[in-house]
Amino acid sequence: MDNRSGADAILVCLTEDELRQDGVLGQAQLDQALARMRDKGLFTGASGELEALPTHGLLPYAYMLVAGLGPAASRDTLRAAAVFAARQMLALQFERLAVKLPSGIDSRSAALALTEGLLLGTYRIAAYRKNDPARAELRQAVLLAEAAADAALVASAIAAAEAVAEGTNYARDLTNLPGNKLVPASLAEEAVRLAQHYGFACEVLDEHEIAARGMGGLTAVGGGSVHPPRMITLRYTGDPDNAADVLGLVGKGVTFDTGGISMKKPDGMEEMISDMGGAATLLGALHVVGQLKPKVNLVVVIPAAENMTSGTAYRPGDIVTMLSGHSVEVLNTDAEGRIILAEGITYAKSLGANRLIDVATLTGAILISFADIATGAVTNEDAFLQPLLGAAGLAGEKVWQLPNYPEYRAMLKSDVADIKNATSSDRWAGAITAGLFIGYFAEKTPWIHLDTGGTAWLWSAKGIEPKGATGVMVRTLAAYLCGEQLQ
């Protein structure tokens, strides 16, 4: 086993069956060490297991990282193996890793999953310390293909996977920004920078234009802050021959959420820097689109606001008139995300969107249903949702459909307005009714709502996801939009 790459370590991924085979590592003493661990139950080959074996000069690598893949190699298990290997490399302060492509899965799929996982696994939250010590970086990873014929497939897979991982980490960076470093105006500036980098069309409406166009909901939600709201729009035209077919993506951009007059409890409120996670997801997905250039037309709408309490904040009991002309009775100012998303939905339709997907850290109620494991989905057209669920499976992100029954929609009826923004008890079907409030403004346009209230932010690392922002749904949207390039 040579080391032409000059790597510090090599990653070998094994299924449970391969672990039981003799000589699987190709070096007698390392095989014996692994067999002892296997026999003692210290390493079973299950997905998520990783052991760092020092080679003591037996191989031209300082360490061999052995990762378990469970019963079979798959994208999910390989992605996880690569994430844990990258974290181990950082812990060992090694910079260069060689990765042996496993058997039992085609080279392209393996390269996609491993590349994505390695880059996701190197993610760390930015620090703001006065004297922050230098941190180790994984600077090089080399995938070792068995045959020259595999090299071209591996190279194209690496490029596609790099785009996805970079887009996810970009969304994580945005979401992790403190509230004093990201306000609606600076979120808009970031969108403009992204648009200029990739050549997207971009428009930003300030608070005066928002009010003049009749976006009373966005005006109300942002009215309590010294940082006024913005309506951000980006366009990508990848299929000009079908210009009338436009997918609208709408992302919640609440850069900080105190709950407004309906004030949140102080414990854990610092997490509310993540309430613009939906906006970050869409910008991360656009980062992928800008590199892979899929054949699709997009209009991306991000209503951005800071939900604060002050003498100019909107109140429970207020009636606000939306861009659509519908009136909303405000029962809870902490149910602000659905109000600005409704404005975004209407605006996206006015810009030509004939299908709609919104992404939002919308409810705490979604945690009651799914904890921080799965994203909830609501739709008005099951056939529209199915390909997105397939993309989520390919991306390794868990999405579960919630029901859309007329009885839930009836819970949003108001005595004094067209609709109310909360039910009498958000504990009852709160995630569903919140989504259906947005769906009211989608009307007959095919629409999907993705509630990432439990999955966009984690208090501690879980599985392959890091502490803090996860960038959830970037990978799913990338797989959905870019199709064959990520299959």
Side-chain angles (χ1 to χ4, degrees), residues 1-13 50 61 65 67 69 73-90 94-124 137-173 197-198 284-295 391 394-397 464 466 471 474-487:
M1 182 180 290
D2 64 10
N3 185 8
R4 297 176 189 175
S5 64
D8 302 302
I10 184 169
L11 172 63
V12 177
C13 301
L50 181 81
Y61 304 93
L65 307 183
L69 297 178
S74 69
R75 285 200 183 185
D76 284 348
T77 59
L78 285 171
R79 186 187 295 111
V83 167
F84 299 135
R87 292 176 182 171
Q88 183 67 67
M89 289 291 288
L90 296 178
F94 287 158
E95 296 184 345
R96 298 175 302 277
L97 176 68
V99 183
K100 183 179 179 182
L101 292 183
S103 58
I105 186 171
D106 66 277
S107 297
R108 177 175 172 78
S109 293
L112 279 166
L114 288 166
T115 302
E116 189 179 294
L118 289 171
L119 291 172
L120 293 176
T122 61
Y123 182 78
R124 287 176 291 195
E137 300 289 343
L138 180 59
R139 301 187 183 280
Q140 181 189 64
V142 178
L143 304 188
L144 306 176
E146 291 292 337
D150 290 335
L153 291 173
V154 168
S156 65
I158 288 172
E162 283 178 340
V164 174
E166 288 168 4
T168 303
N169 287 340
Y170 170 73
R172 290 171 172 176
D173 279 340
H197 182 75
Y198 287 114
L286 280 176
H287 187 87
V288 182
V289 166
Q291 293 188 60
L292 300 188
K293 297 179 172 55
K295 194 173 182 180
L394 188 68
E397 296 188 311
I464 70 169
V474 171
R475 304 200 312 265
T476 292
L477 288 176
Y480 180 73
L481 297 172
C482 299
E484 292 182 0
Q485 296 179 79
L486 295 173
Q487 291 179 2

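Note that the coordinates shown come from a computational prediction; the quantities given were computed from them, not determined experimentally.
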Starting at [atom1] of [X], measure out to [atom2] of [Y] and round the result to the nearest 0.5 Å.
{"X": "Ile105", "Y": "Leu114", "atom1": "CD1", "atom2": "CG", "result": "8.5 Å"}
{"X": "Leu477", "Y": "Cys482", "atom1": "CG", "atom2": "SG", "result": "10.0 Å"}
{"X": "Asp173", "Y": "Thr168", "atom1": "CG", "atom2": "OG1", "result": "11.0 Å"}

Taking all non-hydrogen atoms of both residues, which atom of [X] and which atom of [Y] are closest, and how far apart?
{"X": "Gly167", "Y": "Val288", "value": "CA-CG2, 4.2 Å"}
{"X": "Ala81", "Y": "Cys13", "value": "CB-SG, 4.0 Å"}
{"X": "Tyr61", "Y": "Ala7", "value": "CD2-O, 3.7 Å"}

Only pairs at least two apart or in different chains count here, so list each salt bridge (Lys or Arg N to Asp or Glu O under 4.0 Å) that has a residue in residues 112-122.
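Residue pairs passing salt bridge (Lys or Arg N to Asp or Glu O under 4.0 Å), neighbours aside: Arg79-Glu116, Glu116-Arg475.
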Would you list the pairs meeting salt bridge (Lys or Arg N to Asp or Glu O under 4.0 Å) in which at least one residue belongs to residues 158-170, sequence neighbours left out?
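Output for this query is empty, none listed.
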Plane angle bin for His287 and Tyr170 - parallel if under 30°, tilted between 30 and 60°, otherwise perpendicular
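Taking His287 first and then Tyr170, their aromatic rings lie parallel (interplane angle under 30°).
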Please check this pair: side chain of [X] against backbone of [Y], looking for a donor-acceptor N/O pair closer than 3.5 Å.
{"X": "Ser109", "Y": "Asp106", "value": "no"}
{"X": "Ser156", "Y": "Leu153", "value": "yes"}
{"X": "Gln485", "Y": "Leu292", "value": "yes"}
{"X": "Arg108", "Y": "Gln487", "value": "yes"}

For Thr115 and Val99: C-alpha separation, side-chain torsions, deciding distance, then whether side chain to side chain contact (heavy atoms under 4.5 Å, CB included) applies.
CA-CA 10 Å; Thr115 302; Val99 183; over 6 Å; no
Sequence-distant partners of Phe84, ring pair (Phe, Tyr, Trp, His ring centres under 6.0 Å), two or more places apart
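In terms of ring pair (Phe, Tyr, Trp, His ring centres under 6.0 Å), with neighbours along the sequence ignored, Phe84 is linked to no residue.
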Test side chain to side chain contact (heavy atoms under 4.5 Å, CB included) applied to Leu394 and Arg75, step by step:
CA-CA 8 Å; Leu394 188 68; Arg75 285 200 183 185; 3.4 Å; yes
Leu144 vs Ile10, test: side chain to side chain contact (heavy atoms under 4.5 Å, CB included). Steps then yes/no.
CA-CA 10 Å; Leu144 306 176; Ile10 184 169; 4.1 Å; yes
Kindly indicate, with the supporting measurements, whether the criterion side chain to side chain contact (heavy atoms under 4.5 Å, CB included) is fulfilled by Leu50 and Leu11.
CA-CA 10 Å; Leu50 181 81; Leu11 172 63; 4.2 Å; yes
Here's a test for you: under side-chain contact (heavy atoms from CB on, under 4.5 Å), which of Arg96, Arg87, Met89 qualifies with Leu138?
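Answer after filtering Arg96, Arg87, Met89: Met89.
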